Structure formats: C-alpha cells, structure tokens
Participant: 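The structure's right below; bear with me while I get my questions together.
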2 protein chains.
Amino acid sequence: MQEQEYEQIFSRFLAKKGLRLTLPRKQILDAVFSLHSHFDAEQLFDVLRIRNAEVSLATVYRTLPLLLESGLIQHSMRQESRDVYEHIFGHPRHLHWICRQCGSVSETSLDDIMPYLERSAREQHFELEDFSLNLMGLCWRCKNENRNQ
Amino acid sequence: MQEQEYEQIFSRFLAKKGLRLTLPRKQILDAVFSLHSHFDAEQLFDVLRIRNAEVSLATVYRTLPLLLESGLIQHSMRQESRDVYEHIFGHPRHLHWICRQCGSVSETSLDDIMPYLERSAREQHFELEDFSLNLMGLCWRCKNENRNQ
DNA sequence: GAATAAATGAGATTCATTCTCAACAAGGAC
DNA sequence: GTCCTTGTTGAGAATGAATCTCATTTATTC
C-alpha cells in the first residue's frame with residue numbers, strides 16, 4: 001500500500017535531521033493520512049484518541065511543523081482562528097474557495113495559474129517553497145439563500 | 001486631497017449600517033492611510049499614540065473589521081501569529097512574496113491571474129469578495145546568503 | 001552499562017484577540 | 001427642552017490556540 005511510502009518519506013526526512021520516527025510520530029502520521037479533508041490540531045488530536053493512540057496534544061503541535069517541513073502536509077488556511085492543514089501526498093496542489101457564511105471549502109485546480117507563478121518567481125529569483133491561495137466570498141448555495149430572504 | 005475621499009467612503013459605509021464616523025474612528029482611519037505599508041493592530045495602535053490620538057486598543061480591534069468590510073483595507077497575511085493588514089484604496093490588488101528567513105514582503109501584480117480567478121469564480125457561481133495570495137520561500141538576498149555560507 | 005541526545009506528557013504560560021460592563025454621547029419623538 | 005433608544009468607548013477581564021518548561025523516559029553510541 002501507499003502507507004509505506006509516506007512513512008518512508010517521513011522517516012528519511014527525520015533521519016536527515018537526526019530525529020527518529022517514534023511511535024507517537026507514526027501514529028500522528030497515520031492519523032493525518034486517514035483523513036481525507038482539512039483538519040486542525042484539535043481535530044487531529046480527536047482522531048488519535050478515537051484510534052486509542054496515546055499521544056498528547058503537545059506532541060501533535062510539535063509534530064505538525066515537522067510534517068510541514070517534510071512536505072507531506074501543507075498549511076492550507078486559517079479558519080475560526082485555527083490553523084488548518086491537509087496532507088498533500090499524492091494530491092495536486094489547489095486553490096481553496098471558502099464561503100464566509102457556511103464555512104464550506106471547495107477546491108479547484110491550480111494548473112492555469114501555476115506557470116505564471118513560477119515565471120514570476122524566476123523573474124525575482126525567489127525560491128518558492130510554499131504558498132496559500134485562498135479565495136473568500138459566498139458559495140452559490142449561500143448566495144441563493146440570501147437572495148430568497 | 002484624497003483624504004476626503006476615503007473618509008467619505010467610510011462615512012457612507014457606516015451610515016448604511018446605522019453607525020457613525022466618530023472621532024476615534026476618524027483617527028484610526030487617518031492613521032491607516034498615513035501608513036504606506038503593512039501593519040498589524042499593535043503597530044496601528046502605536047501610530048495612534050504617536051499622533052496623540054486617545055484611542056484604546058479595543059477600539060482599534062473593533063474598527064478593523066469595519067474597515068475590512070468597507071473595502072478600504074484588506075487582510076493581507078498572517079505573520080508571527082499576528083494578523084497583518086494594508087489599505088487598498090487606490091492600490092491595485094497584488095500578490096505577496098514573503099521571505100521565511102528575513103520576513104521581507106514584496107509585491108507583484110495580479111493582472112495575469114485575475115482573469116482566470118474571475119472565470120473560475122463564475123463557473124462555480126461563487127461570489128468572490130476577498131482573497132489572499134501569499135507565496136512563501138526565500139528571497140534572492142537570503143538565497144545568496146545561504147549559498148555563501 | 002555509562003553517557004549523550006532526543007522525545008514525551010502534563011500542565012503552566014504566552015499573547016493576540018475578543019468580550020463585558022459601566023459610563024457616556026447623539027439623535028429622534030414628543 | 002426632556003425622555004428614550006441605540007450606538008460608542010475605555011479599561012480590564014476572559015478566551016483559547018499555540019508554545020514552552022521540566023522532570024522523566026527512551027534510544028543510540030562508544
């Protein structure tokens with residue numbers, strides 16, 4: 001399965017930094033990849049408890065930056081004053097359309113604008129590592145709802 | 001001067017909501033437009049004190065959402081766990097290139113990708129109100145510095 | 001099997017932001 | 001004018017996500 005792959009990636013990443021893939025880290029990693037949508041630290045912590053993994057919230061918070069740096073997850077947005085992440089292993093990067101009314105998040109491809117961003121980065125000699133492209137407004141659902149009131 | 005213009009805009013916006021352009025709000029508005037770069041709530045508060053405006057931090061925090069909603073400022077990024085804003089009256093919208101090492105922020109035009117975003121919004125019947133397009137990495141300065149070490 | 005370095009949980013701490021509340025204005029109705 | 005409603009403010013308390021501390025445990029090396 002794919003499981004081995006992300007584990008290998010993380011394990012190698014950690015080794016390169018002189019760190020180890022411990023049980024808590026493995027459990028956090030698995031929890032992250034068991035989710036197929038956005039999550040924040042607290043939600044991830046809940047998933048871990050449901051899976052009977054004895055990992056503290058502190059360790060969750062400590063592991064997130066490592067996962068970010070390894071490239072396995074990305075910081076995808078900030079919602080309700082919480083940092084929201086998603087795993088991006090296998091996924092292509094995408095834009096987020098965030099409804100300010102119902103909070104729903106939908107995604108679209110970045111293909112059309114990626115070449116432009118890359119060219120722009122090259123022109124400035126900027127080394128692009130990460131980015132967040134979030135678009136806020138009203139989804140069609142909420143737009144219609146508001147109209148009918 | 002331009003001063004009247006943003007004041008009028010804000011005043012009208014407030015009136016539409018049954019609110020008034022009070023002295024503290026006027027002072028905050030002027031402080032915002034006296035700045036020509038990004039700022040957070042605390043920095044804005046400092047500017048107000050320097051200008052001898054007796055405005056509390058609470059009022060600064062209360063006024064920022066109003067300025068946002070009026071379209072006079074935008075939430076441009078989050079840096080060091082603080083929300084960073086900038087006024088956008090007269091300015092065209094832009095992308096932010098944020099260096100993770102030195103914290104510098106540079107801007108480039110959105111012209112090339114805006115049509116795509118608008119088309120994509122139309123296709124989904126999404127009413128676009130606001131967006132943040134932030135690109136993180138290393139600026140050329142820090143990239144060179146790292147190389148020379 | 002020391003010695004060194006990394007990891008962890010639990011709880012305390014930080015700090016940006018929001019909330020509460022009492023006091024104060026402004027404007028309309030009469 | 002006076003009453004009444006509604007908006008506004010400052011000061012400080014409260015919130016809560018994220019980080020830090022520290023004592024303890026675990027792994028690795030020599």
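Remember, predicted model here, so these are calculated numbers, not experimental data. To find a chain, count down the sequence lines: A is the first, B the second, and so on, and within it residues start at 1.
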Participant: For Gln43(A) and dG16(D), what is the distance between atoms CD and P respectively, to the nearest whole Å?
Facilitator: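 Distance, rounded to whole Å: 16 Å.
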Participant: So, are Arg141(B) and Glu145(B) salt-bridged, with charged N and O less than 4.0 Å apart?
Facilitator: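 Salt bridge flag = no for Glu145(B) with Arg141(B).
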Participant: Using whole Å, what does the distance between atom P of nucleotide dT17(C) and atom CD of Glu80(A) come to?
Facilitator: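 Rounded to the whole Å, the gap is 16 Å.
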Participant: Please report the distance, rounded to the nearest Å, between OH in Tyr85(A) and P in dA18(D).
Facilitator: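 Those two atoms, OH and P, are 6 Å apart.
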Participant: With a cut-off of 6.0 Å (strictly less than), are more than 12 heavy atoms of other residues, nucleotides or ligands near CD of Gln124(A)?
Facilitator: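 Check passes, neighbour count above 12.
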Participant: Please tell me which of the listed nucleotides, dG11(C), dT9(D), dT17(C), lies nearest to the side chain of Arg78(B)?
Facilitator: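 That would be dT17(C).
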Participant: Between P on dT19(D) and CG on Leu68(A), what's the gap in Å once rounded to a whole number?
Facilitator: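 Checked: the CG to P distance equals 11 Å.
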Participant: So does Arg25(B) get a side-chain nitrogen or oxygen closer than 4.0 Å to the phosphate oxygens (OP1/OP2) of dT9(D)?
Facilitator: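 Answer yes for this pair, as a side-chain N or O of Arg25(B) is under 4.0 Å from OP1 or OP2.
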Participant: Taking any heavy-atom pair under 4.0 Å as a contact, classify Asp40(A): base, sugar-phosphate, or nothing.
Facilitator: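 No contact.
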Participant: Under 4.0 Å between a side-chain nitrogen and a carboxylate oxygen: does that hold for Asp83(B) and Arg78(A)?
Facilitator: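 No, this pair does not count.
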Participant: Which sits closer to the 5' end of DNA chain D, Glu54(B) or Arg82(A), going by the nucleotide each is nearest to?
Facilitator: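 Counting from the 5' end, the first nearest nucleotide belongs to Glu54(B).
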Participant: Judged by each residue's nearest nucleotide on DNA chain D, which is more toward the 5′ side, Leu57(B) or Lys17(B)?
Facilitator: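 So the residue in question is Lys17(B).
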Participant: Starting at atom NE2 of His75(B), determine the distance to atom P of dA16(C), rounded to an integer number of angstrom.
Facilitator: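 Going from His75(B) (NE2) to dA16(C) (P), I get 14 Å.
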Participant: Would you kindly give the CG-to-C1' distance between Asp83(B) and dT18(C), to the nearest whole Å?
Facilitator: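 Taking atom C1' of dT18(C) as the reference, CG of Asp83(B) is at 12 Å.
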Participant: Does dT17(C) have its OP1 or OP2 closer than 4.0 Å to a side-chain nitrogen or oxygen of Ser81(A)?
Facilitator: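 Negative; the distance criterion is not met.
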Participant: Applying side chain to side chain contact (heavy atoms under 4.5 Å, CB included) between Val47(A) and each of Leu35(A), Val60(A), Ile28(A), report the one that passes.
Facilitator: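 Of Leu35(A), Val60(A), Ile28(A), side chain to side chain contact (heavy atoms under 4.5 Å, CB included) with Val47(A) is met by Leu35(A) alone.
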Participant: In whole angstrom, give the distance that lies between atom CZ of Phe10(B) and atom P of dT8(D).
Facilitator: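 Rounded to the whole Å, the gap is 10 Å.
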Participant: Figure out the CZ/P separation between Arg62(B) and dA16(C), and round it to whole Å.
Facilitator: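 About 18 Å, once rounded to whole Å.
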Participant: Donor-acceptor pair under 3.5 Å: do we get one between Arg20(B)'s side chain and the base of dG27(C)?
Facilitator: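 Absent.
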Participant: Whether the His91(A) and Glu107(A) side chains hold a donor-acceptor pair (N or O, under 3.5 Å, no angle test) is what I'd like checked.
Facilitator: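 Distance-only check fails for His91(A) and Glu107(A).
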Participant: Of the listed nucleotides (dC19(C), dG7(D), dG9(C)), which one gets closest to any side-chain atom of Leu19(B)?
Facilitator: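 Side chain of Leu19(B) sits closest to dG7(D).
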Participant: Please determine if a side-chain N or O atom of Tyr61(B) lies less than 4.0 Å away from the OP1 or OP2 oxygen of dT18(C).
Facilitator: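 Result: no.
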Participant: Could you please name the option among dA18(D), dA11(D), dT8(C) that lies closest to any side-chain atom of Thr59(A)?
Facilitator: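 Output: dT8(C).
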